[in-house]
*Asks:* 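Structure in structure tokens, see below.
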There are 2 protein chains.
Amino acid sequence: MHLNQQTDFAFRILIYLADHTVADETGDMALARPKIREIADFYRVSYHHLMKVANALTSRGYVQSWRGKNGGLALARSPERITLGAVARDIEGHWEVVECFGTDSDCPLTNDCRLAPILNEALLHFWAILDRHTLADIARSPGDESPITFHSDLPYPLGPEPTREQRKPSL
Amino acid sequence: MHLNQQTDFAFRILIYLADHTVADETGDMALARPKIREIADFYRVSYHHLMKVANALTSRGYVQSWRGKNGGLALARSPERITLGAVARDIEGHWEVVECFGTDSDCPLTNDCRLAPILNEALLHFWAILDRHTLADIARSPGDESPITFHSDLPYPLGPEPTREQRKPSL
DNA sequence: TGGTAATATGCATTCAGTATGCATAATTCG
DNA sequence: CGAATTATGCATACTGAATGCATATTACCA
């Protein structure tokens, strides 16, 4: 009963992009394409792992990417049009609570199971909440005055990958 | 985003007990203590694995057990007093969606994360549904006339443990 | 009191999914 | 052409779940 780390990464990438695509610290829009390296450093998570999630977000149409020099990522849609539930379902593989809804179950209760509908109902309520919110709800609002942490403000040097101990994924 | 097989087993054990503690096919109440062996055969799942779940249910106070000859299992409370949500949380180890609610997260967003409250809300709605139902809702009601499958009605001989291929857990 | 039936418990193994790392390709810019 | 950056595939490690086995414990009964 939990979302996996990839989904957590996906949300955090989207939040980062929403918060950093307006302008960077120089005011230069062309440079305001956060790089995977930069995002990974900010969250102190594995660069390679985060890249895979970024790829998934790209192929699913949530994120736009540019390769090569001055490459990077940006949101492919406005935050209002990115639903949290859709992202979670796209990144998570299976999202059903019970699999006995499928066709190949031989559980003797299948024909008269009163549990499955209840679990299903609970699940629908769960997803209904996530489907009711978009990235705009969790990203910084335009008028938000709280400080944004830019790349150059990071309180640690940009060195090699953090070790497993240094990293602490939060999901 | 799913419940594990142990939780599935737990629900099915409880359903079986609720359906079979009234009387067995001989009308003898003393024999109406389903055995783990019997339940495992009925659902065609691993005997040993199901025993562990039965033990968990026993130690959590949902089920009463007797060892030795004529031993077996029975509900320790009336079905109305067994809440589905409580069972699931007791059998599942961790049941939070996000773990960054904990104290040892160093996610830079922790202090101003707008995602966590939403996930939390979704989760609360999920559990609210399960907490609203009891075993009485999913077990056979007393007036239910539909046939009950007794041990002796099983359409297959009681042989050795089914192989992995024969078994198809439904959750 | 010994045998049998049943649950209880601990340990070892297998398995699957997730996470991680590495190598290399592909692309873009200058 | 070279550097920077994303894209992709493969191999490995890690973790938790699932499974199986051995043995202990308990209770009934002859």
Side-chain angles (χ1 to χ4, degrees), chain A residues 1-10 13 17 30-31 33-41 44-60 63-74 91-95 99 160-171, chain B residues 1-10 13 17 30-31 33-41 44-60 63-74 91-94 99 158 160-171:
Chain A
M1 199 56 213
H2 62 289
L3 300 174
N4 65 21
Q5 199 180 51
Q6 298 198 5
T7 306
D8 175 45
F9 284 4
I13 290 173
L17 292 180
L31 286 182
R33 281 178 193 163
K35 288 147 195 40
I36 292 178
R37 171 95 263 165
E38 170 189 341
I39 302 175
D41 285 335
R44 266 163 286 186
V45 298
S46 161
Y47 163 66
H48 293 285
H49 199 42
L50 192 123
M51 171 143 53
K52 292 195 179 172
V53 179
N55 292 343
L57 286 173
T58 301
S59 66
R60 291 295 192 157
V63 163
Q64 212 171 345
S65 69
W66 293 267
R67 300 213 266 196
K69 208 158 193 170
N70 294 333
L73 306 177
I91 302 298
E92 295 270 313
H94 47 49
W95 54 275
E99 293 171 2
E161 287 257 314
T163 65
R164 181 180 295 254
E165 282 64 35
Q166 290 170 320
R167 269 187 259 118
K168 285 193 179 176
S170 69
L171 180 53
Chain B
M1 197 58 212
H2 61 289
L3 300 173
N4 65 21
Q5 199 181 51
Q6 298 198 6
T7 306
D8 176 45
F9 283 6
I13 290 173
L17 293 180
L31 286 182
R33 281 178 193 162
K35 291 149 196 34
I36 292 179
R37 170 93 264 164
E38 171 188 341
I39 302 174
D41 285 335
R44 267 162 287 187
V45 298
S46 161
Y47 163 67
H48 293 285
H49 199 45
L50 192 123
M51 170 143 52
K52 292 194 181 172
V53 180
N55 293 342
L57 287 173
T58 301
S59 67
R60 291 295 192 159
V63 163
Q64 211 170 346
S65 70
W66 292 267
R67 300 214 267 195
K69 207 155 193 173
N70 293 333
L73 306 176
I91 302 299
E92 295 271 312
H94 46 50
E99 292 171 3
L158 291 181
E161 287 257 314
T163 66
R164 184 179 294 255
E165 281 64 35
Q166 290 172 319
R167 269 187 258 119
K168 287 195 179 177
S170 68
L171 179 53

*Asks:* Going by atom types alone, do B:N4 and B:T7 pair a side-chain donor with an acceptor below 3.5 Å?
*Replies:* yes

*Asks:* Given 3.5 Å as the limit, does a donor-acceptor pair link the side chain of A:R37 with the main chain of A:Y47, or not?
*Replies:* no

*Asks:* In whole angstroms, how far is the P atom of D:dC14 from the NE2 atom of A:H49?
*Replies:* 15 Å

*Asks:* Could you check how far CG of A:N55 sits from P of D:dT5, rounded to whole Å?
*Replies:* 16 Å

*Asks:* Please report the closest heavy-atom contact between B:W66 and B:A74, naming both atoms and the distance.
*Replies:* CZ3-CB, 3.7 Å

*Asks:* Once you round it to whole Å, what is the distance between P of C:dT18 and CD1 of A:I91?
*Replies:* 12 Å

*Asks:* Once each nucleotide of nucleotides 21-30 of chain D is scored for protein heavy atoms under 4.0 Å, what B/S/- sequence comes out, 5' to 3'?
*Replies:* B---BBBSS-

*Asks:* Within this structure, what is the CG-to-C1' distance between A:N4 and D:dT15, rounded to whole angstrom?
*Replies:* 14 Å

*Asks:* Provide, to the nearest angstrom, the distance between the NZ atom belonging to B:K35 and the P atom belonging to C:dT4.
*Replies:* 18 Å

*Asks:* For B:L50 and D:dG20, give me the distance from atom CG to atom C1', rounded to whole Å.
*Replies:* 15 Å

*Asks:* Are any of A:S46's side-chain N or O atoms less than 4.0 Å away from OP1 or OP2 of C:dA19?
*Replies:* no

*Asks:* Does B:S65 make a side-chain N or O approach to OP1 or OP2 of C:dA6 shorter than 4.0 Å?
*Replies:* no

*Asks:* Between D:dA7 atom C1' and A:L57 atom CG, what is the distance in whole Å?
*Replies:* 14 Å

*Asks:* In degrees rounded to 10°, what angle is found between the helical axes fit to the five outermost pairs at each end of the helix from C:dT1-D:dA30 to C:dG30-D:dC1?
*Replies:* 0°

*Asks:* Give a yes/no answer on whether the side chain of A:Q5 brings an N or O atom under 4.0 Å of OP1 or OP2 in C:dA19.
*Replies:* yes

*Asks:* With heavy-atom distances below 4.5 Å as the criterion, would you say the side chains of A:S65 and A:L73 are in contact?
*Replies:* yes

*Asks:* Rounded at 0.5 Å granularity, tell me how far NE2 in B:H48 sits from CG in B:L50.
*Replies:* 11.5 Å

*Asks:* Could you work out, with side-chain hydrogen bond (donor to acceptor under 3.5 Å, both in side chains) as the rule, every residue matching A:R60, not counting sequence neighbours?
*Replies:* A:D90

*Asks:* Within this structure, what is the CD1-to-C1' distance between A:I36 and C:dT27, rounded to whole angstrom?
*Replies:* 14 Å

*Asks:* For the CE atom of A:M51 and the CD1 atom of A:I13, what is their distance to the nearest 0.5 Å?
*Replies:* 10.5 Å

*Asks:* Are A:Q6 and C:dT18 close enough that a side-chain N or O sits under 4.0 Å from OP1 or OP2?
*Replies:* no

*Asks:* Can you list every pair that meets salt bridge (charged side-chain N to carboxylate O under 4.0 Å, His left out) and has a residue in residues 50-59 of chain B, with sequence neighbours left out?
*Replies:* none

*Asks:* Looking at residues at least two apart in the chain, or sitting in another chain, which of them share a side chain to side chain contact (heavy atoms under 4.5 Å, CB included) with A:A10?
*Replies:* A:V53, A:L57, A:V87, A:I91

*Asks:* State whether B:T58 places a side-chain N or O below 4.0 Å from either non-bridging phosphate oxygen (OP1 or OP2) of C:dT7.
*Replies:* no

